[in-house]
Structures are given as C-alpha cells and as structure tokens.
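Taking it in order: structure first as structure tokens, then the write-up.
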Amino acid sequence: MSTDLPVLSAKDFASDQDVRWCPGCGDYSILAQMKTVLASMGKKQEETVFISGIGCSSRFPYYMNTYGMHSIHGRAPAFATGLKSTRPELDVWVITGDGDALSIGGNHFIHLIRRNVDLNIILFNNSIYGLTKGQYSPTSKVGKITKSTPMGSIDQPLNPLSVAIAAEASFVARSVDSNIKHLRATLQRASEHRGTSFVEVYQNCNIFNDGVWDYAKAKATKDDSTVELQHGKPLIYAGGKKGIRLNGFAPETVDLDGNIAQDDLLFHDEKVESSQLAFLLSRMRFPEFPEPIGVFRAIERPTYDTQINAQVVQAAEKKGKGDLKTLFKSGDTWTV
Amino acid sequence: MTSPAELFPPTKKPAEALSGVTVRLAGDSGDGMQLLGTQLTNTSALSGNDVATFPDFPAEIRAPRGTRAGVSGFQVQFSAEEIFTPGDGVDTLICMNPAALVTNIGDLRRGGILIVNSDGFGDKDLKLAKLDVNPLEDDTTEGYRVIKVPMTTMTRDSVEPTGLSAKFADRCKNFFAMGLVFWLYGRDVEPTLRFIENKFSAKPDVAEANRLALKAGWNYGETTENFASTYSVPAAELEPGVYKNVMGNQALAWGLITAAELSDKELFLGSYPITPASDILHELAKHKNFGVRTFQAEDEIAAVCSAVGAALGGSMAITTSSGPGIALKGEGIGLGLILELPFIIIDVQRGGPSTGLPTKTEQSDLLMVMHGRNGDSPLPVIAAQSPADCFNVAIEAWRIATKYMTPVFILSDGYIANGSEPWKIPEVDSLEKIEINHPGPRSPDDAPFMPYSRDENLARPWALPGTPGLMHRVGGLEKQDGTGNVSYDPDNHQHMVQTRAKKVELVADSIDDAEVFGKTKGTLVLSWGGTYGACRTAVKMAIEEGIEVGHVHLRWINPFPANLGSVLGQYDKVLIPELNTGQLRLLIKDKFLIDATGLNKIKGKPFHVSEIVDKIKEVSGK
Ligand SMILES: Cc1ncc(C[n+]2csc(CCOP(=O)(O)OP(=O)(O)O)c2C)c(N)n1
Ligand code: SF4
Ligand SMILES: [Mg+2]
C-alpha cells in the first residue's frame with residue numbers, strides 16, 4: 001500500500017530560531033545528525049518531543065521544529081517521565097549536559113534509567129560547565145585547572161557509562177560529535193531501542209575546554225585511542241593491528257602480529273543479560289586503553305511507561321471502569 | 001449465628017440524653033487507639049450524629065512502649081447538633097497507661113469521666129512514664145469521676161476460649177475498651193462486628209477474640225456498679241441526603257478524581273511520601289480504574305517536574321507534599337508558572353520550620369506558597385476549611401487552573417487531612433462539567449501557531465504534543481508574548497511579569513464573594529483554612545453572649561474575594577486567628593492597610609473554641 005504522506009527532510013526538523021552556540025561548538029554536529037536521523041527514520045515532527053535541562057547543550061530543543069521543553073537544571077528526566085508515562089505514543093528525547101545530568105540531576109538520571117522509561121537520553125559531554133563559563137564538571141579529570149579550580153580539581157570524576165550501567169541501564173552507547181557516520185548510527189540505534197537509551201557523546205567545547213577529546217577525534221590518533229564495538233565481533237582497533245583480550249577479569253591490549261588468534265580476543269556481546277561486560281568496557285579509559293565507542297549494551301526489559309499504563313487497564317478490567325456514583329457510595333453511608 | 005442484639009443486649013440501666021459528647025482515647029501507639037476512635041466515629045455517624053474527629057499521634061512509628069513520646073490519641077465529638085470541631089473540653093477520657101493519663105488529663109473537663117486500664121499502672125509502667133508516684137494515687141485525678149477497670153485481666157479472661165496466647169490476647173484490649181465505651185453511649189456494635197468480620201477474615205480466631213473482648217467490655221458496663229446510668233446522643237438534624245464520613249485526605253483524593261472525570265481528563269499524580277500528605281498518594285493509587293496514574297518519584301523535585309511533564313502532555317496533573325517538600329518544589333513550580341500550564345500543587349501543612357513537627361498541624365506555609373519562589377511569581381491559592389470541604393476545593397482548583405492556564409495551590413493541614421466529618425454525597429449528575437479546549441491541527445498554509453496568544457482570561461492555548469502543525473517550544477527563559485519565542489526585550493519582560501500577575505488577579509471574577517456570618521459591624525473574625533470550625537463556633541457563642549461580632553472565612557487567599565476590602569471596612573476591629581505568627585495578617589495589612597489583631601497559636605495543636613471566644617471578648621472590649 002502506498003501512502004501520500006510527504007517525506008520530511010532534515011531541514012523540516014529545523015525551527016525558525018537562530019542557533020546561538022559558539023562557532024565551532026560540537027553541539028552543531030549533534031543537532032545536524034539528529035535532524036538527519038529523524039528524517040531518515042520517517043519520524044513525525046508533531047510526535048517528537050525534546051526535553052532538556054539547562055546548559056549550552058540544553059538549548060537544543062529551541063532549534064528543533066518539534067514539540068519541546070527547555071526545563072530547569074538537571075530535571076529533564078523527571079519532566080520526560082511525566083510526559084512519557086501519560087503519552088506513551090510520543091517519541092521523547094532528553095537532551096542534557098555533563099553538569100546537568102551528573103551533578104545537579106544525578107538523582108533523576110539514575111532513577112530514569114532504572115525505571116527504563118522508553119525514551120532516549122543524549123548526554124553532551126564536554127567535561128566542563130559551558131553555559132556558566134568554564135567551571136569543572138563531574139566528568140573533568142583530577143587536576144583540571146578551571147576558574148573554580150585554579151589549583152586543579154581534586155574531585156574524582158564520574159564515568160557516565162559506568163553510572164548508567166550500575167543504574168541498570170538497558171541501552172548504553174558512546175559516540176563522538178565529529179564522527180558523523182558513527183553518531184548517526186548510534187542515534188538511530190538509541191531511537192530504535194525500547195526502554196531508556198543512554199548515549200554519551202564526546203562533545204568539544206572549543207571555548208572552555210578545547211581539545212579534551214582530541215585523542216578520540218583527531219585523525220592521527222583516533223584509530224589508536226578508540227575501539228569501535230560491534231555485536232558478536234572481536235575488539236580490534238588501530239587499523240586491525242591491535243586487539244583487546246581478557247586476562248582473568250581484566251582487559252589487556254595485544255598486538256595482532258600473528259601470534260594471537262582472533263578467537264582469543266574479547267568478543268563483544270551487547271545483548272548479554274549480565275552487565276559485567278558492559279561495565280568492564282566502560283572502565284577502559286585512554287591512555288591505558290582505547291576507549292570503546294558504539295553500543296555497549298542493548299537488552300530487553302519491561303518499560304515503565306508500558307507498565308504504568310498496563311496497570312490502568314488491568315484495574316479497569318478487574319474492578320470495572322471507574323464510576324463516581326459507585327465510589328461515593330462505597331463503604332458505610334447513611335441517609336438523613 | 002446469634003444476632004448482635006442477643007450478644008449485646010441493650011442496657012437495662014437508665015439512659016440520660018445529651019446533646020453532644022467529646023471522647024478522647026489515649027494509649028500507647030501500639031494499643032490501637034486510632035482504630036478504636038475510627039470505629040466509635042463511624043458508628044456515631046451511621047446513627048445520625050454530626051461528628052468531628054482529631055487524631056493526634058507521635059512522629060515515631062513505635063516510640064518506646066509506655067513512654068510519653070509514644071502516646072497516641074484520638075478525639076471525637078458526636079452530637080445531636082451541627083458541630084464544626086472535635087470539641088474543646090473532653091467529657092470522657094480513656095487512658096490505657098500512666099503516660100497517656102498524665103499527658104491528656106489536662107484536657108478533661110472538671111467532673112468528667114476518666115476510665116483507666118488499671119492493669120496498665122504497674123511499677124514498670126510508671127517508670128516508663130517517668131513517674132515516681134502512681135497518678136491514680138495522688139491528687140492528679142482529683143475532681144474527676146475515675147473508673148478503674150482491669151482491662152488486661154478481663155480481656156485475657158474473655159478471650160480464653162480461643163486459646164490465643166497472652167501476647168495476642170493483650171492486643172484485643174482496645175476492643176474491650178471499645179465495648180465499654182459503646183455500651184456507655186448506647187452505640188450500635190453492628191458496624192464494628194462487620195469490620196471485624198472483614199478485617200480478620202483470614203484469621204477467624206483473632207476475629208473471635210476481638211468479638212469476645214468487645215462483648216466483655218459491653219457486659220462489664222452493664223454489670224459494674226461504677227455506672228448507674230448510660231448516655232444517649234440523638235441524631236442530628238443534618239440536611240437531608242446520603243452521607244458518608246470522610247477524612248480530609250480522602251476527600252481531597254476523591255475531589256481530584258471527580259475533577260478529572262468532570263473535565264474528561266486522566267489524572268496523573270507525581271508525589272514523594274511525606275506526613276501528613278502521603279494518604280492522598282495512597283488513596284489515588286487505589287483508583288487506577290479511573291485512569292489514574294500515580295508516580296512515586298525519587299524526590300519532591302522530580303515529583304513536581306513529572307507533573308509539569310504530564311501537564312504538557314494534556315493530563316490533569318497533581319503534585320502533593322507537605323512543607324519540606326514544597327520548599328524543594330519551588331523551582332519546578334516557577335517553571336510551570338512561566339510555561340502557563342495548568343496543574344495542582346497540594347501542601348498539607350505540618351509544624352515547621354525544617355522537619356518541625358511532622359504529625360502536628362500548623363498554618364505556617366501560607367507565605368511560602370504565596371511568595372516562596374524566585375522572581376515575581378504569583379499563583380492562585382485556595383485553602384480547604386474542613387475535611388469534607390477538601391472535595392469541593394479540589395474541583396474548584398482544577399476549574400480555575402484550566403480556565404486561566406496556571407498552576408494552582410491547594411492548602412490543607414494535618415488537622416483537616418486526618419480529621420473526619422460527615423460529607424453529604426453530591427448527586428454526580430448535578431456536578432458542573434469543566435470545559436477544556438485544546439487547539440486542533442493546522443496545515444502549513446494556516447497562519448503560524450501562537451502558543452502565547454491569550455483569551456479574555458489571559459489564558460494561552462493548551463496545545464498538546466501530537467497535534468500536527470502546532471509544534472512549539474516552551475521553556476523557563478522569558479518569552480515573547482504571542483509567539484512564545486525566547487525574548488530578552490526589557491519591555492516585553494515587564495509586560496509578561498505584569499500579565500502573569502494580572503491573570504491571577506482576574507481569578508477573582510470566578511470565585512465567590514466573601515460571605516459574612518453573624519453581625520455586619522463591630523468585630524470581624526477573619527480566618528482561613530482549618531481553623532474554620534473553631535472560629536465559626538466561637539463567633540456563634542460570642543453572638544449568643546450578646547457580642548457584636550461577625551465571621552468571614554476565606555477559601556481563596558490569592559486572589560482575595562473581590563468584596564473583601566469593603567467587608568473589612570464595615571468593622572471597627574478585625575481579629576485574625578491563625579496557627580502561625582500572623583501570616584494572613586501580614587497579607588491583609590499589605591493589601592488593605594488594616595492593622596488587624598492576631599490570635600496566634602503555634603503549638604502544633606488546633607484552636608480551642610474557648611481561646612477564640614476569650615480573644616473576641618478582649619478585642620471587643622467585653
Ligand atoms: C538551579 C540552577 N543552578 C545553577 C544554574 C547555573 N547553571 C546553568 S548551566 C550550568 C552548568 C551547565 O553545564 P553542563 O550541564 O555541562 O552543560 P553545558 O553548558 O556544558 O552544555 C549551571 C551550573 C542554573 N541554571 N540553575
Ligand atoms: S561555551 Fe562551549 S559548549 Fe557552550 S556553546 Fe560555546 S563552545 Fe559550545
Ligand atoms: Mg558540559
């Protein structure tokens with residue numbers, strides 16, 4: 001059966017508002033890939049809702065010709081949960097920053113993930129507070145010099161993927177703002193997953209933290225410092241010259257110089273129920289290891305929005321659809 | 001099976017008719033006083049009395065047994081006349097232990113009946129209550145009719161046939177006490193027998209033990225020489241109709257469900273448990289078959305934000321809490337306000353500041369709900385005046401929220417939330433529908449959608465995600481009127497702040513005028529919230545004593561009723577009794593430049609009628 005519905009292009013997902021990020025900011029690329037992905041997936045503008053917190057990244061919804069809410073700092077997961085629980089047919093996206101999601105919003109972040117509300121969280125990780133002009137964030141490295149840490153940060157940073165996995169995430173992925181093809185594919189996978197999809201995007205803030213992710217972005221280094229995860233495939237990187245092998249419970253890098261068989265390498269399995277492998281992969285950090293990008297984990301688990309609505313249906317089946325007259329006369333009454 | 005009448009034969013002793021009685025039951029938290037109180041209330045209501053209750057329990061779930069901190073009380077007034085409070089002076093006090101006695105006897109009126117479980121006054125019990133001398137043996141109980149009943153022993157004896165251990169037998173003590181009180185006031189045991197049947201259907205031996213204890217208490221009354229007569233309280237003359245006894249939180253929940261039905265909306269509650277608001281969450285969670293979705297959030301911030309998200313999606317969204325939680329919600333409420341989305345925030349107040357007195361009542365959040373947000377951020381505020389009124393307040397709040405597209409605050413308090421009174425069940429078909437319109441789809445050829453265009457009430461359209469052609473973005477940044485786009489324009493900001501304030505002022509067109517009860521000159525008692533009953537009763541009594549005094553009770557506090565200024569102007573003196581240090585008084589002074597007198601009680605307890613009567617006399621120079 002053919003339909004006459006107009007096919008939307010990426011441009012149709014652009015709102016009429018001027019984009020106000022700094023020239024060169026990594027956010028531009030994420031915005032562009034998002035529009036392309038939504039268009040290519042045949043999504044409808046009116047059925048898509050972007051909800052963000054506060055931060056440079058959280059201006060995102062203003063630039064999308066969909067429904068949107070630029071909410072308050074750290075709380076986007078809660079708004080999104082209320083919306084998705086009552087309107088499960090909508091396609092809901094949460095846009096957040098590293099400060100927004102992991103600092104002020106850390107509590108909502110883990111609870112959204114454990115509930116497995118069927119929506120997508122895109123965390124723009126620039127490892128800095130952009131909008132407030134450059135303080136260190138929960139993902140900044142120890143020793144980071146910023147305006148608020150002139151002698152270097154002394155906080156142990158959080159690893160967003162490890163946090164998400166520990167919070168029982170059903171879908172966890174990582175991508176890089178400038179790796180356009182990979183980012184598109186990752187956004188699409190996130191959108192296709194049923195349940196909370198969490199995507200960390202390495203995003204460059206060229207004003208306050210320029211180059212933090214250079215190792216993973218620069219042509220010269222990215223092949224050696226990242227390893228692309230593929231379900232069912234061994235972890236191989238550096239143009240096929242290196243791989244990851246398990247030594248007991250710990251990963252190690254090995255040279256694929258002919259002495260090691262591919263079968264000895266660590267094979268990725270994003271669907272395995274247990275979160276140990278995903279967690280282990282999330283702990284691989286540069287420079288000791290290449291950092292995995294791609295889908296770490298994608299398992300099936302009942303979603304919150306389905307279940308909260310199923311209970312409403314069940315209750316009506318069991319007790320009959322609510323009737324005020326019956327309710328009012330329930331229990332003891334008397335007539336005067 | 002034998003009928004109740006055979007098991008509980010009506011008394012052969014003479015019955016003295018009374019117009020009303022106040023009974024307080026006091027014991028350890030584990031003694032089942034709340035249950036006893038609820039049963040006494042229920043049967044009294046069912047027999048046609050007007051009733052009002054006041055449960056008073058400790059903040060700890062099980063404070064150390066026998067201590068003063070662990071005393072749990074329940075007061076009920078049942079009357080042949082219309083009443084508005086659970087009563088001032090207690091006529092009959094039942095005490096299960098010394099701690100209950102010493103903490104409650106002060107409220108027993110002179111000559112009142114004191115029934116004690118004399119088995120609960122051993123050396124250990126005295127020590128737990130930090131008493132050196134048995135209060136039954138010194139002058140503590142002088143001037144009262146003291147009736148010592150060995151309840152523990154008699155309960156054990158009575159339940160012996162069931163073979164229950166002493167430990168379980170002792171749990172039936174409250175039913176023994178109940179039997180005695182029911183006998184004393186000629187209460188019908190039938191509803192309680194039904195209750196036992198249902199509650200313990202899975203444990204027939206426990207059910208039987210409770211029935212036996214109830215019967216033993218009843219028989220004790222008939223056989224003991226301590227009581228020469230019983231008392232009867234005839235039915236009250238209430239407006240004809242079908243009635244039900246409701247607690248405030250339950251009535252609020254039912255009002256919300258009703259408002260959802262009247263507006264053809266599905267209800268979403270985002271909430272985080274807190275005393276004394278949790279029962280609204282519990283009650284709503286029971287009624288999912290009405291399309292109710294309850295979300296127990298990770299904290300109060302998430303709770304309010306989830307409600308705003310649900311409101312964006314077109315649900316009837318609610319968030320419920322008490323003072324500490326409302327403090328956390330401030331930023332989320334502010335967002336809801338600037339988004340101009342309708343939803344309801346319920347604050348069931350308790351003693352503050354901070355954790356304060358979680359199980360005690362207070363009216364001290366008024367200024368927080370009025371002003372406790374950043375920026376100029378006024379919101380409509382309505383306060384329930386009694387348990388049954390909670391039902392109407394919920395419906396009214398939703399009507400205003402949707403008509404003006406604004407969050408609305410409902411104030412309740414611990415006294416209303418847990419107190420109960422008869423509620424006249426409304427005719428469902430006569431309840432006025434709540435009309436809500438959502439704009440329909442648009443095509444690209446239509447004029448652009450203006451999410452912040454306004455109607456005559458300054459309300460903007462409630463456009464729902466999913467509607468083709470109405471895509472728009474909302475957010476906490478100041479927006480341009482009309483388009484809703486982000487705007488930093490200075491004049492626009494001034495215009496928007498004033499427009500949002502004007503909208504709240506316009507609500508006055510949709511609410512009732514202030515109504516004067518009593519005299520239209522002299523002294524005016526101006527009250528709000530849960531002090532309604534005490535104030536109304538006090539004004540009635542003062543008028544009967546010949547004092548020129550009137551009463552205005554406010555339900556809407558923001559905005560005030562349109563005629564309030566002119567009403568206030570009729571009086572020489574204005575007295576504002578409040579369970580805070582004078583928060584309404586401050587608002588009245590600010591708005592009308594009236595220097596009212598305050599009567600301010602901050603003890604975690606409701607007013608006694610007499611306290612207000614005394615103050616009326618003082619203010620009126622009588
Ligand atoms: C309640 C509250 N506290 C503080 C702020 C100030 N603030 C705005 S954005 C931000 C941090 C943003 O960092 P991040 O989430 O990493 O976003 P980015 O700007 O880097 O994209 C802070 C602290 C605020 N808007 N609200
Ligand atoms: S400050 Fe950094 S994150 Fe913010 S817009 Fe500029 S470049 Fe982007
Ligand atoms: Mg950041």
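Chain identifiers are assigned alphabetically (A, B, ...) following the order of the sequence lines, protein sequences preceding nucleic acid strands; residue numbering begins at 1 within each chain.
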Exercise for review: Select, from G241(B), P240(B), G475(B), the one with the greatest count of heavy-atom pairs under 4.5 Å involving chain A.
Suggested key: G241(B)
Check your understanding: Given that the side chain runs from C-beta out, which part of S52(A) has a heavy atom under 4.5 Å from chain B: side chain, backbone, both or neither?
Key -> neither
Review point. Pick from D16(A), I72(A), T335(A): which one has the most heavy-atom pairs with chain B under 4.5 Å?
Key: I72(A)
Exercise for review: Mind listing the closest non-hydrogen atom pair of P465(B) and L90(A) along with its distance?
Suggested key: CB-CD1, 3.7 Å
Exercise for review: State, with a plain yes or no, whether a side-chain heavy atom of R473(B) is found less than 4.5 Å away from one of Y67(A).
Suggested key: no
Review point. How many angstroms lie between CZ in R293(B) and CD1 in I308(A), if you round to the nearest 0.5 Å?
Key: 7.0 Å
Review point. Does any non-hydrogen side-chain atom of D429(B) lie less than 4.5 Å from one of K325(A)?
Key: yes
**Study point:** Pairs of heavy atoms under 4.5 Å with chain B: top-ranked of A78(A), P61(A), A76(A)
**Key:** A78(A)
Review point. So which of I110(A), N309(A), I51(A), V49(A) has the biggest tally of heavy-atom pairs under 4.5 Å with chain B?
Key: N309(A)
Revision key, fill the gap. If one checks every heavy atom of V246(B) against chain A at 4.5 Å, the contacting part turns out to be neither
Revision key, fill the gap. All heavy atoms of S85(A) vs all of F268(B), minimum pair found to be CB-CE1, 4.2 Å
Review point. Under 3.5 Å, is there a donor-acceptor pair between the side chain of K244(B) and the main chain of S330(A)?
Key: yes
Check your understanding: Do L324(A) and F290(B) have side chains that get closer than 4.5 Å, going by heavy atoms?
Key -> yes
**Study point:** Residue part contacting chain B, namely of Q45(A), when any heavy atom lies under 4.5 Å
**Key:** both
Review point. Using non-hydrogen atoms only, which part of P441(B) is less than 4.5 Å away from chain A: side chain, backbone, both, or neither?
Key: neither
**Study point:** CG (N374(B)) with more than 12 external heavy atoms under 6.0 Å
**Key:** no
Practice item. For L83(A) and L312(B), work out which heavy atoms get closest and say how close. Key: CD2-CD2, 4.2 Å
Review point. Of the backbone (N, CA, C, O) and the side chain (C-beta and beyond), which part of F391(B) lies under 4.5 Å from a heavy atom of chain A, both, or neither?
Key: side chain
Check your understanding: Using non-hydrogen atoms only, which part of L46(B) is less than 4.5 Å away from chain A: side chain, backbone, both, or neither?
Key -> both
**Study point:** T294(B) portion near chain A, given a 4.5 angstrom heavy-atom threshold
**Key:** backbone
Review point. Does any heavy atom of chain B fall under 4.5 Å from the side chain of R20(A), the backbone, both, or neither of them?
Key: side chain
Review point. Heavy-atom count around D446(B) CG within 6.0 Å, excluding the residue itself: above 12?
Key: yes
Review point. Are L327(A) and K286(B) close enough that some pair of their side-chain heavy atoms sits under 4.5 Å apart?
Key: no
Exercise for review: Flag the one option from Q314(A), E89(A), R75(A) with the top tally of heavy-atom pairs under 4.5 Å to chain B.
Suggested key: R75(A)
Point to revise | Full working for side-chain contact (heavy atoms from CB on, under 4.5 Å) between E266(B) and T86(A) | key: CA-CA 8 Å; E266(B) 295 208 320; T86(A) 50; over 6 Å; no
Check your understanding: Of all of L477(B), I257(B), I425(B), which one pairs up most often with chain A through heavy atoms under 4.5 Å apart?
Key -> L477(B)
Point to revise | For chain A, the option from V242(B), L238(B), L464(B) that forms the most heavy-atom pairs under 4.5 Å | key: V242(B)
Study note, to complete from the structure: Counting heavy-atom pairs under 4.5 angstrom with chain A, the leader among L339(B), V292(B), V304(B), T258(B) is T258(B)
Revision key, fill the gap. Bottom line for S315(B): the part with an atom under 4.5 Å from chain A's heavy atoms is side chain
Study note, to complete from the structure: In terms of heavy-atom pairs under 4.5 Å with chain A, the winner among G476(B), P468(B), G332(B) is P468(B)
Review point. Under the side-chain contact (heavy atoms from CB on, under 4.5 Å) criterion, do D332(A) and R194(B) qualify, and how do the steps go?
Key: CA-CA 11 Å; D332(A) 290 326; R194(B) 239 186 306 136; 2.9 Å; yes
Review point. Do you know which of E47(A), K318(A), R59(A) has the most heavy-atom pairs with chain B at a distance under 4.5 angstrom?
Key: R59(A)
Point to revise | Residue part contacting chain A, namely of E237(B), when any heavy atom lies under 4.5 Å | key: neither
Check your understanding: Non-hydrogen atoms of chain A under 4.5 Å away: do they reach the side chain of I338(B), the backbone, both or neither?
Key -> neither
Point to revise | Region of L335(B) in contact with chain A, defined by heavy-atom distances below 4.5 Å | key: side chain
Review point. Is it true that atom NZ of K321(A) has more than 12 heavy atoms of other residues, nucleotides or ligands lying nearer than 6.0 Å?
Key: yes
**Study point:** Beyond-backbone contact of I301(B) with H108(A), side-chain heavy atoms, under 4.5 angstrom
**Key:** yes
Point to revise | Flag side-chain contact, heavy atom, 4.5 Å: T467(B) against E46(A) | key: no
Point to revise | Closest contact, heavy atoms only, W334(A) versus N245(B) | key: CZ3-N, 3.6 Å
Exercise for review: Could you tell me which portion of E331(B) (side chain, backbone, both or neither) has an atom closer than 4.5 angstrom to a non-hydrogen atom of chain A?
Suggested key: both
Review point. Between R115(A) and E298(B), is there a salt bridge with N-O shorter than 4.0 Å?
Key: yes
Check your understanding: Is E427(B) atom CD crowded by more than 12 heavy atoms from other residues, nucleotides or ligands, each under 6.0 Å away?
Key -> no
Revision key, fill the gap. Of D91(A), T81(A), T333(A), the largest count of non-hydrogen pairs under 4.5 angstrom with chain B goes to T333(A)
Check your understanding: Going by the angle between their ring planes, with limits at 30° and 60°, are F328(A) and W254(B) parallel, tilted or perpendicular?
Key -> parallel
Exercise for review: Under 4.5 Å heavy-atom distance to chain B, tell me which part of F50(A) shows up: side chain, backbone, both or neither.
Suggested key: neither
Review point. Is chain A contacted by the side chain of A303(B), its backbone, both, or neither, given a heavy-atom distance below 4.5 Å?
Key: neither
Point to revise | Heavy-atom pairs under 4.5 Å with chain A, option from A317(B), G469(B), P426(B) with the top count | key: P426(B)
